[in-house]
Peer 1: 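The structure follows.
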Amino acid sequence: MAKMDPVVKRETEYVALWVMAVCILIQGVCLVLHWWNLTILWGSLLGGATAIGNFLLMCRMVQKAVLQDPKQAKNTVKLSQGLRLMMQGLILVLAAVLTTVFNIWATAIPLLIPRIAISLRELRNAKKNPSPDRPAIGWDDEEDEED
Amino acid sequence: MLELAIGIILGGCAIGAGLAMIAGIGPGIGEGNAVAKACEAIGRQPECKGDVTSTMITGCVIAETTGLYGLVIAILLIFVAPKQFVNILLENIK
């Protein structure tokens with residue numbers, strides 16, 4: 001097995017922290033609203049583990065694919081994405097069928113967290129380091145260019 | 001009449017789930033194209049591998065979650081929604 005890239009390790013740690021924080025938040029909210037039971041705990045554990053595992057697999061796939069030739073990389077990514085989507089689908093079906101063990105909402109919510117975590121970080125980075133201002137082009141300038 | 005209504009609910013949920021899964025096709029193709037371009041970029045400038053990998057991961061996560069949203073909606077439409085809709089229907093009939 002190839003050694004884990006430091007970038008992959010850093011990103012996975014960041015996403016794992018967010019997923020764990022959201023799982024704890026779900027437990028807290030359910031406790032406050034008196035909805036908590038063991039199915040919510042098991043559901044968020046299953047969903048959290050799947051979200052982190054899926055992200056790690058995706059990072060490993062990207063790490064492997066960027067070293068291949070473009071055509072082969074394309075096929076690797078398509079295959080990997082299909083398999084991972086299927087894995088998540090099976091996990092969700094399992095949670096939906098075993099309603100006495102897993103809560104479907106507590107399983108599904110952590111799966112959507114990696115995107116939110118990454119988007120928030122990108123927003124924060126964009127605020128910290130705004131892109132250099134482009135020279136302003138007014139309406140008149142554009143008209144002049146056309147003329 | 002009730003059977004017909006329940007049948008329409010189940011059929012609608014199944015069609016909706018099928019339509020939601022169309023979202024699963026796009027991300028694979030998009031991610032494939034993006035990674036292929038990343039490979040070309042790394043081939044041209046091997047020293048920026050770390051930056052390209054980091055950007056690729058960000059892009060892949062954002063592209064992939066679109067498919068996941070579709071999957072979650074499809075599973076909820078198949079396993080959760082029919083029960084809820086049938087309950088609403090029965091309550092209205094009573």
Peer 1: Are there donor-acceptor atom pairs under 3.5 Å between chain B and chain A, and if so which?
Peer 2:
unit_1	atom_1	unit_2	atom_2	d
Asn33(B)	OD1	Lys74(A)	NZ	3.2
Ser54(B)	OG	Glu11(A)	OE2	3.3
Ile62(B)	O	Arg115(A)	NH1	3.3
Glu64(B)	OE1	Arg84(A)	NH1	2.8
Glu64(B)	OE1	Arg84(A)	NH2	3.2
Glu64(B)	OE2	Asn54(A)	ND2	3.4
Glu64(B)	OE2	Arg84(A)	NH1	2.5

Peer 1: Please flag which part of Leu76(B) lies under 4.5 Å from any non-hydrogen atom of chain A: side chain, backbone, both or neither.
Peer 2: side chain

Peer 1: Calculate, to the nearest 0.5 Å, the distance between atoms CD1 and CG belonging to Ile116(A) and Leu120(A) respectively.
Peer 2: 7.5 Å

Peer 1: Transitively linked via ILVMFWY side-chain contacts under 4.5 Å: Leu31(A) with Ile109(A)?
Peer 2: yes

Peer 1: If I take atom CG from residue Leu111(A) and atom CD1 from residue Ile91(A), how far apart are they, to the nearest 0.5 angstrom?
Peer 2: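 It is 8.5 Å, given to the nearest 0.5 Å.
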
Peer 1: Go through the structure and list residues passing side-chain contact (heavy atoms from CB on, under 4.5 Å) with Ile24(A), not counting sequence neighbours.
Peer 2: none

Peer 1: Please report the shortest heavy-atom distance between Val77(A) and Gly28(B), naming the atom on each side.
Peer 2: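 Where Val77(A) meets Gly28(B) most closely, the heavy atoms are CG1-O, 4.4 Å.
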
Peer 1: Side chain, backbone, both or neither: which part of Ile62(B) has a heavy atom under 4.5 Å from chain A?
Peer 2: both

Peer 1: Identify the two heavy atoms, one from Met56(B) and one from Val66(A), that lie closest to each other, and give their separation to 0.1 Å.
Peer 2: CG-CG1, 4.5 Å

Peer 1: For Leu92(A), which atoms come within 4.5 Å of any heavy atom of chain B: side chain, backbone, both, or neither?
Peer 2: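 Both parts, backbone and side chain.
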
Peer 1: Relative to chain A, which of Leu68(B), Val35(B), Val52(B), Val72(B) shows the most heavy atom pairs under 4.5 Å?
Peer 2: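 So the answer, after comparing Leu68(B), Val35(B), Val52(B), Val72(B), is Leu68(B).
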
Peer 1: About how many Å separate CZ of Phe102(A) and CD1 of Ile40(A), when rounded to the nearest 0.5 Å?
Peer 2: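 Between atom CD1 of Ile40(A) and atom CZ of Phe102(A) there are 13.5 Å.
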
Peer 1: Of the backbone (N, CA, C, O) and the side chain (C-beta and beyond), which part of Val93(A) lies under 4.5 Å from a heavy atom of chain B, both, or neither?
Peer 2: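 Both the backbone and the side chain of Val93(A) come within 4.5 Å of chain B.
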
Peer 1: So which heavy atom on Pro110(A) is nearest to which on Gly48(A), and how close?
Peer 2: CB-N, 3.7 Å

Peer 1: Count the heavy-atom pairs under 4.5 Å between each of Pro6(A), Gly89(A), Ala73(A) and chain B, then report the option with the highest count.
Peer 2: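 The residue among Pro6(A), Gly89(A), Ala73(A) with the greatest pair count is Gly89(A).
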
Peer 1: Under 4.5 Å heavy-atom distance to chain A, tell me which part of Ile42(B) shows up: side chain, backbone, both or neither.
Peer 2: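 Just its side chain gets close to chain A.
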
Peer 1: What is the distance from atom CZ of Phe85(B) to atom CG of Leu77(B), rounded to the nearest 0.5 Å?
Peer 2: 7.0 Å

Peer 1: For Leu85(A) versus Gly24(B), what's the shortest heavy-atom pair and its separation?
Peer 2: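 The pair with the smallest heavy-atom distance is CD2-CA, 4.0 Å.
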
Peer 1: How many angstroms lie between atom CG of Leu57(A) and atom CD1 of Ile52(A), to the nearest 0.5 angstrom?
Peer 2: 12.0 Å

Peer 1: Please list, in residue-number order, every residue in residues 7-22 of chain B that has a heavy atom less than 4.5 Å from any heavy atom of chain A; write 'none' if there are none.
Peer 2: Met21(B)

Peer 1: Taking all atoms of both residues into account, what is the closest heavy-atom pair of Ala23(B) and Gly70(B), and its distance?
Peer 2: CB-CA, 4.4 Å

Peer 1: Residues sharing Leu79(A)'s hydrophobic cluster, by side-chain heavy-atom contacts under 4.5 Å among ILVMFWY, directly or via others?
Peer 2: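 So far as hydrophobic clustering goes, Leu79(A) is joined with Leu83(A).
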
